Amino acid sequence: MSLQKVIIDTDPGVDDAAAILMALASPEIDLLGLSVVAGNVPLSDAVANACKVVDLSGRDDVPVYAGAPGPLVRDQVFGKYARIGPFGHDFVTDGNIMPAGGHAVDFIVCTAREAAASGEKVTICAIGPLTNIALALMQHPDVARGIGQIVSMGGAFAALGHRTPWAEFNVYADPHAAEIVYRSGVPVVVMPLDMTFQALFTQRHFERFAEQGGPAGAALFKLFTTFDRSDVDRFGRPGGPIHDATTIAWLIRPDLFKSRKATVGVQVTGFTKGYTYADFHQKMNLAAKATIVTDVDEEGFINLMVERISRYGRVAPPDAQSLGG
Ligand code: RIB
Ligand code: CA
């Protein structure tokens, strides 16, 4: 698999932290930078958390850009774990990474234009509300030519929502942005709750992070054991999802997933705003431009996640060269 140029747009966020660390431990991915958006927590906390995670990875070459402080139109809502705010010192020590100058939207625009010029398109892993990406596409439509795909953790189709009974959080937090991105014409891969709920990480998996993953694994162990995401009533068994990491696994091991083409859309206003719908059979005579990822190999995904985090347990701090081994 050739090296993939990737931007992660993120609202860290406990599962965002796992996704970012997984990406930085994966030699298949050339992570060009993080564009940060308000979502799980307010923007300032999300930026601070993103800087801490990059510092934890040892990859101080990866820039962190602050982006949109809130949604395009609707009132602002935060994540279920918003009280986390900035990751505490006992979870992730304060590092030395500071955010880069400039706005995240400008970073996305410049990177996409360079990608278009070079002919090597960039992938955007969108693991928070889609505000930054929607702004980039609205303000500078030409950037679509430099974006190969937007892999978006979000939406719920056959599954019920979890932020409301009908809406997944990333879409709920900025439904207008989601609609703009889904209709942009850029190839979108939607990774909904339908799929992320199939892979549940248990205490034993988090212990493997801690046993094998060095300081990064220890931090994830603390974060995931403190902010318990399990829900036996909902899932019928122990464990909880690490939603955002599925986007990274999709890039590394697409064979672990099943997907279908569909037309997708979003309810942007009213009581059911954030509700996502899919037309898998072109009943509306609209082109099925989106890819919806419907299934994941739970064991394969979990083992991949644990294996990549374990690379931080090697003696030398991981970097693109050493991780290739
Ligand atoms: O619904 C799950 C998504 O919302 C994840 O990206 C999580 O980090 C939150 O942003
Ligand atoms: Ca997220």
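Just so it is clear, the model here is predicted, and its values are computed rather than measured. Each ligand, and each atom within it, is numbered from 1 in the order the structure gives. Worth knowing before you read on, the calculation uses all heavy atoms, side chains too, and leaves out hydrogens, waters and symmetry mates.
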Output the list of atoms in ligand 1 that are nearer than 4.0 Å to some heavy atom of [X], sorted by atom number.
X: Ile127; answer: 6 (O), 10 (O)
X: His243; answer: 2 (C)
X: Met153; answer: 2 (C), 3 (C), 5 (C), 6 (O)
X: Asp16; answer: 8 (O)

Salt bridge or not for [X] and [Y], using N-O below 4.0 Å?
X: Asp15; Y: Arg229; value: yes
X: Glu114; Y: Arg145; value: no
X: Arg204; Y: Glu207; value: yes
X: Arg113; Y: Asp142; value: yes
X: Asp94; Y: Lys52; value: yes

Return the closest protein heavy atom for [atom] as residue, atom name and distance.
atom: atom 7 (C) of ligand 1; value: Asp15 OD1, 3.3 Å
atom: atom 4 (O) of ligand 1; value: Asn170 OD1, 3.2 Å
atom: atom 9 (C) of ligand 1; value: Asn40 OD1, 3.4 Å
atom: atom 1 (O) of ligand 1; value: Glu168 OE2, 2.6 Å

message = Looking only at distances, can you tell me whether any N or O atom of Asp244, backbone or side chain, sits closer than 3.5 Å to an N or O atom of ligand 1?
response = yes
message = Please check if the number of heavy atoms outside Met284 that lie under 6.0 Å from its CE is greater than 12.
response = no
key: Lys258, NZ: over 12 other non-hydrogen atoms inside 6.0 angstrom   = no
inquiry  = One residue to check: Arg163. Relative to ligand 1, which of side chain, backbone, both or neither has a non-hydrogen atom less than 4.0 Å away?
reply    = neither
Proximity to ligand 1 by part of Asp11, non-hydrogen separation under 4.0 Å = side chain
task = On the 0 to 90° scale, with breaks at 30° and 60°, tag the Phe224-Phe209 ring pair as parallel, tilted or perpendicular.
result = tilted
Asp244, N/O/S atom nearest the Ca ion (ligand 2) = OD2
ask   = Is Gly13 close enough to the Ca ion (ligand 2) to have an N, O or S atom under 3.0 Å?
value = no
request  = Report yes or no: does Asp11 have an N/O/S atom closer than 3.0 Å to the Ca ion (ligand 2)?
outcome  = yes
key: Phe301 ring center near Trp250 ring center (under 6.0 Å)   = no
key: Where the Ca ion (ligand 2) is the vertex, angle from Asp16 OD1 to Ile127 O to 10°   = 130°
request  = Of all the heavy-atom pairs spanning Gly274 and Val171, show the shortest one and how long it is.
outcome  = O-CG1, 3.5 Å
